[in-house]
Number of protein chains: 2
Amino acid sequence: MKKDPTAPRPRGRPRKFDREAALQIAVRMFWRRGFEATGIQDLADAMGLAPPSLYAAFGDKKTLFREAIAAYQAGPGAFARRAAEDGGPAREVIAASLRAAAHAFTDGEHPPGCMVILSTTNHGPGADDLAAWLRTLRTDGTQADWTRRIERDVADGLLPAGTDAAGLARFYMTVLEGMSIQAGDGADRAALEAVATLAMTAWPAQITQSTASPRI
Amino acid sequence: MKKDPTAPRPRGRPRKFDREAALQIAVRMFWRRGFEATGIQDLADAMGLAPPSLYAAFGDKKTLFREAIAAYQAGPGAFARRAAEDGGPAREVIAASLRAAAHAFTDGEHPPGCMVILSTTNHGPGADDLAAWLRTLRTDGTQADWTRRIERDVADGLLPAGTDAAGLARFYMTVLEGMSIQAGDGADRAALEAVATLAMTAWPAQITQSTASPRI
DNA sequence: CTTTTTTCATAGTGACCACTAAATATACCA
DNA sequence: TGGTATATTTAGTGGTCACTATGAAAAAAG
């Protein structure tokens, strides 16, 4: 991902700002204020550039916002994906995600809460498309992934047959979404961890490992 | 609350619109789009008035917003207060609140979710005061009320000594806040009721009525 | 050197924002 | 009927919005 020092330099005048650093500034502003309340002028000022340089580097405001969301998901918002990578049972994955969220939402280095959950909860008609896109990131992303993991555990006999996988996944997504608002309202790390722990006590009775059919 | 027909009519030219109906329109617009994404022009158009009439009747935008929040709390947002009025144990009050929320958030007559939770989650620097006010409505309102009820149940012996009342109240507020986002994302009434039911399974083991000291 | 390519800073564009000055209309009251 | 008080309509105010036309500056290529 680093740039190749042997690569030929581009032809024109080199830009005098760090595009990646400027993108991180956009992430933080959109994260804290949302899409509509963040102005191009605010972004350009914080990045130390004039608006034309911003437009040349990132395109229009919606394009920049989409890239900022992608950068969030690849960086500070990667906690859920990382928690899912070990491929363990759904209960472990979700518990780890909520714990990681409690940590990430209160790390002091970033705005509180999850950018995907918070940054278009309010929007005018001009941002309906962005709001719909973020909604699919929530429901077809994390929540659908959790649903599939729970279904797999039911198939494996780890959870009772008849378990409402979609409902269970929605409950934990609801908790994650609420934790984002709580973080914005000032809840500290211990408070969010307590919320996560309490939420996990709602998990259905697991079938003991001895009676469950092992996964191949 | 109805106007007295024997009261003398006011002196000047009577206004030709229904102030209460106009306020309800403002409630719905602020509820759906939030404070900043709702324009005075949009409000005036929807109410069928010109901006000066709106300013004469309601004052500036922030004042109208505050009145809209008050109207929401007195009307569609009164479900939590109503659920609390019977004065029963905290578990019943909170369970009833979540059930009522699942119903209210999906009644089809109003925007989805809770206005107090949703309408300033994104805001620019110009609305910091409104956002802070709504935060106090959440944390010092419903959440603090639930905390006091849980503390009372602990004192009454209904819940184990050492129960983290503030943490338990925060957990259920987190669920309520998440339900608001889920409602906006399209979760239907049955889905939200399932979330509420699942959340209540996290309630700590109650002490049986026979062993608990009765409330005077 | 000159030419080409890209970025830069200046200085705007029209559209919309919350909000209002001024004139007119409609009520009550003396 | 005239005076007063309030509401209404028209037509704006300055400010900010996202966005850009223009030309100078800075690099590589010839």
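Below, read A as the first sequence line, B as the second, and so on, with proteins coming before strands; counting in each chain starts at 1.
Looking at residues 12-49 of chain B, you'll see B:Gly12, B:Arg13, B:Pro14, B:Arg15, B:Lys16, B:Phe17 sit with a heavy atom under 4.0 Å from some atom of DNA chain D. For DNA chain D, the neighbouring residues in residues 50-57 of chain B, judged by any heavy atom under 4.0 Å, are B:Ala50, B:Pro52, B:Ser53.
A cation-pi arrangement, defined by a distance under 6.0 Å to the six-membered ring centre and an angle within 45 degrees of its axis, is present between A:Arg15 and A:Phe17.
In this structure, A:Asp129 pairs ionically with A:Lys62, as a charged nitrogen and a carboxylate oxygen lie closer than 4.0 Å.
Closest of all the heavy-atom pairs between B:Arg33 and A:Gly124 is CD-CA, 4.4 Å.
Using modelled atom types, one finds a donor on one side chain and an acceptor on the other under 3.5 Å when comparing B:Gln143 with A:Gln182. No side-chain donor-acceptor contact under 3.5 Å links B:Asp145 and B:Thr142.
Taking 4.5 Å as the limit, every side-chain heavy atom of A:Pro112 sits out of range of all side-chain heavy atoms of A:Thr106.
By the ring pair (Phe, Tyr, Trp, His ring centres under 6.0 Å) test, A:Trp146 pairs with no residue at all, sequence neighbours left out.
B:Arg11 places its CZ atom 6 Å from the P atom of D:dA5, with the value rounded to the nearest Å.
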Intermediate values then yes/no, side-chain contact (heavy atoms from CB on, under 4.5 Å), B:Ile150 and B:Ile94: CA-CA 10 Å; B:Ile150 294 166; B:Ile94 291 174; 4.1 Å; yes

